[in-house]
Each structure stands twice: as C-alpha cells, then as structure tokens.
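Below you'll find the structure, written out as structure tokens, and then a few comments.
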Amino acid sequence: MTKLGFMMSATGITRAGIRIALPAWVTLLLLSSCHRHPVFPETGSIRFGIVHQVDQQELFADSIVYMNAAGNQYSVSKLEYYVSGITLTGDGIDSYTDGKVHYVNAFRSSTCQWVMENIPVGDYNKISFHIGLVPDSNKTGGLPGNMENINMAWPEPMGGGYHFLKLEGHFLDSANAVAGYALHVGTNACLGSVYLDTTLTVRFQNQRLDLVMNVNEWFGNPTRLDLNQVNYTMGDQVRMLELINNGTNAFAFK
C-alpha cells in the first residue's frame, strides 16, 4: 500500500503531486505567522496649538468690544509672546522637555501651532511651560536674528534680552474717549510659568494638544488691572509681575 505524502506551503498543499489551493484567509494566516510580532514605536509626537479668546468669544483685532474685570471696554491690536520649556511629566516614565523657543502672534495662525517630536510613549498627567525665556536665552542676540525676534528685543539700557509679552490695544477711558494701552513684560525676574494637569497618552505621531488663552485673565486674575490706572508697564517691575502672574492663569485645555 502506497502512503500519500503531504507538503504544505504558504500558498497551498501538495498531495501526491497535486496542488490544492488554500482559502485566502488561511494563506494570510500562514504568512503572518512567519513574521515577527510588530514593534511599537518608543516615541511619538504632538501637534501643539493655542487658540486665543476673550471669555469664550473669538478674538478679533482692533475691535473695542471686549470687557475686562475692571469694566474697561477694550480692543486688542497686538498680542505677541514667547512659549518655551514645554515639559510633559508622568508617573513612572521619563519626562519630556521641548528645548525650542516658540514665538506666538495671536493674529498669525502659523505661529500658534507647532509639532513636538521624539516624546517617549506613555501616559502624562502634567504639562508646564514658560511665558518668556530662561536667562540663558534672554540675552541680546540670544535668539536668531529674524524680524519677529528683532521686534521683540528689550532695550539694552533696561537690561537687554527680549520682551516676554506685548499686549496692546485701545480702550474707552473714564471720559468715554478712546485711549491706548501697551502692556509689556520683560527681564528675567518676570519669567512666568504655567502648570496644568492633564490626561495625555502618547502612542503615535501628530496627536493633538490644544490650549485656549483667555485674554481677559491678563487683566483680572488674581490682580484686577484697570486700564485707566495701568495702561503702560514697561520698566515697572511691580506692574510687570502683576501682569505675568495674571497671565499664568490665562491658559486652559480646549
């Protein structure tokens, strides 16, 4: 009696010289079993973005339609600042710090988002960042000489470096006349830091992380700033500290 021999390949079974085709799903199963298990990435990336609003209203330039905590009706014509040292922290995983400095202009959308790369995968529960520049960067010529950084320069006679914030516009004063304001912050002593709790899981590339800046917080939390009394801050250490401390409360998750 002759024994029938069987030979199996990834595409079929050969029996006594006769090839028998396998169903497609069986073929795929056989092929997949020949490969290694997939290797998951060790790092991911986040597309970080900031939206600017006034108490949930969209921020428009040069419109005297907003009301702050002091009752000033005001507009915003300029809102520029630096974000730096973005750090993600989690339990039991390495923290991640974005070493780049980001110039933000509320009225130029291209400056309000960027990608942070090479973030260790894992679960993060805190995010922090600076409004402004750490001392190593906050020196004249410390940033690339593009037009944005040149326009943000802090005067040499006042210590050099860069503005951390420029918030400018107009308001209706106590006589109901249109007046201007320029709230500027600079110098190392006025570096602001934002701390937020989060539930962020990094697993793959270009995940979204969106924040909202509420412009009204700069005028009212924790220090209420009346534009009739405080409409120029450059060089006034007390007022700059009040302003930057307010600004650290201006950010929240979208």
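Values in this document were obtained by computation on a predicted structure and should not be read as measured data.
- Residues S84 and G132 approach most closely at OG-O, 2.7 Å, considering heavy atoms.
- In terms of heavy atoms, T187 sits closest to F164 at O-CE1, 3.0 Å.
- Nearest heavy-atom pair across N149 and P144 is ND2-O, 2.8 Å.
- The main-chain N or O of G142 is found under 3.5 Å from a side-chain atom of Y162 such that the two form a donor-acceptor pair.
- Under the rule for a side chain to side chain donor-acceptor pair (under 3.5 Å), the partners of Y74 that lie at least two apart in sequence or sit in another chain are N216.
- Taking hydrophobic clusters as Ile, Leu, Val, Met, Phe, Trp and Tyr residues chained together by side-chain heavy-atom distances below 4.5 Å, Y103 does not share a cluster with I150.
- Counting only residues at least two apart or on different chains, the salt bridge (charged side-chain N to carboxylate O under 4.0 Å, His left out) pairs with a member in residues 144-164 are R108-E148.
- Residue G44 comes nearest to V121 through the heavy atom pair N-CG1, 4.1 Å, listed as atom of the first residue, atom of the second, then distance.
- Between H102 and I86, some side-chain heavy-atom pair lies under the 4.5 Å cut-off.
- Applying the salt bridge (charged side-chain N to carboxylate O under 4.0 Å, His left out) test to every pair with at least one member in residues 222-239, sequence neighbours left out, gives these pairs: R239-E242.
- Within the 3.5 Å criterion, the main-chain N or O of N105 finds a donor-acceptor partner in the side chain of T111.
- L172 belongs to a hydrophobic cluster with I64, V178, counting contacts under 4.5 Å between side-chain heavy atoms of Ile, Leu, Val, Met, Phe, Trp and Tyr, direct or through other members.
- Two residues are said to be in side-chain contact when any heavy atoms from C-beta on lie closer than 4.5 Å; N249 and P222 meet this criterion.
- Interatomic distance, OH of Y82 versus OG of S137, reported as 10.0 Å (0.5 Å rounding).
- For the pair I127 and L200, the minimum side-chain heavy-atom distance is 4.5 Å or more.
- By the criterion of side-chain heavy atoms lying less than 4.5 angstrom apart, applied directly or through intervening Ile, Leu, Val, Met, Phe, Trp or Tyr residues, V104 is grouped together with F107 in one hydrophobic cluster.
- Judged purely by atom type and a 3.5 angstrom limit, N138 has no side-chain atom pairing as donor or acceptor with the backbone of L133.
- Hydrophobic clustering of Ile, Leu, Val, Met, Phe, Trp and Tyr side chains at less than 4.5 Å, counting indirect connections, keeps V238 apart from M158.
- With S45 as reference, Q205 is the one residue of Q207, Q205, E117 to meet the side chain to side chain donor-acceptor pair (under 3.5 Å) rule.
- Judged by distance alone, the side chains of H163 and W154 never bring a donor and an acceptor atom under 3.5 Å apart.
- The side-chain heavy atoms of Q73 and Y66, taken from C-beta on, include no pair separated by under 4.5 Å.
- Side-chain contact of T97 with T87: a donor-acceptor pair under 3.5 Å is present, judged by distance alone.
- In this structure a side-chain-to-backbone donor-acceptor pair under 3.5 Å is missing from H170 to A179.
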Chi angles and distances behind the side chain to side chain contact (heavy atoms under 4.5 Å, CB included) call for T43, I119: CA-CA 5 Å; T43 62; I119 306 171; 5.7 Å; no
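- In this structure, the side chains of V212 and F253 stay at 4.5 Å or more apart for every pair of heavy atoms.
- Note: F129 and F251 have perpendicular aromatic rings, judged against thresholds of 30 and 60 degrees for the angle between ring planes.
- Remark: of the listed residues L183, L225, L165, L165 is the sole one forming a side-chain contact (heavy atoms from CB on, under 4.5 Å) with W218.
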Audit row: Q53, L59, side chain to side chain contact (heavy atoms under 4.5 Å, CB included) steps and yes/no: CA-CA 5 Å; Q53 298 178 348; L59 178 64; 5.8 Å; no
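- In summary, R208 and D210 engage in a salt bridge, as defined by a charged side-chain N under 4.0 Å from a carboxylate O.
- When all heavy atoms of A106 and C112 are compared, the closest pair comes out as CA-SG, 4.2 Å.
- Expressed to the nearest 0.5 Å, how far CG of D173 lies from CG of N231 amounts to 9.5 Å.
- In this structure, V115 is not a member of the same hydrophobic cluster as L211, with clusters built from ILVMFWY side-chain heavy atoms closer than 4.5 Å.
- In this structure, the side chain of N72 engages the main chain of L227 through a donor-acceptor pair within 3.5 Å.
- When side chains are defined from C-beta on, Q56 does not count as touching N214, because their heavy atoms never get closer than 4.5 Å.
- Using a 4.5 Å cut-off on side-chain heavy atoms (C-beta onward), T223 and N245 make no contact.
- The distance from the NZ atom of K166 to the OG atom of S77 is 11.0 Å, given to the nearest 0.5 Å.
- Considering only heavy atoms from C-beta on, V83 comes within 4.5 Å of I50 through its side chain.
- Within the structure, side chain to side chain donor-acceptor pair (under 3.5 Å) pairs that include any residue of residues 121-132 comprise D91-N125, D123-T201, K126-D197, H130-S193 (at least two apart or interchain).
- Not a single donor-acceptor pair under 3.5 Å links the side chain of K78 to the backbone N or O of A182.
- Between the side chains of N221 and N246, no donor N or O sits under 3.5 Å from an acceptor N or O.
- Applying the salt bridge (charged side-chain N to carboxylate O under 4.0 Å, His left out) rule to pairs touching residues 55-69 yields nothing, sequence neighbours excluded.
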Evaluation steps, side chain to side chain contact (heavy atoms under 4.5 Å, CB included), between V51 and K254: CA-CA 8 Å; V51 175; K254 185 175 179 181; 4.0 Å; yes
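- Under the 3.5 Å distance criterion, the side-chain polar atoms of T233 are left unmatched by any main-chain donor or acceptor of M240.
- Linking ILVMFWY residues whenever their side-chain heavy atoms come closer than 4.5 Å, directly or via other members, leaves Y195 and Y81 in distinct clusters.
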Worked check of side chain to side chain contact (heavy atoms under 4.5 Å, CB included) between Y181 and L167: CA-CA 8 Å; Y181 70 89; L167 174 55; 4.1 Å; yes
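- Smallest separation of non-hydrogen atoms from N228 and S174: OD1-N, 2.9 Å.
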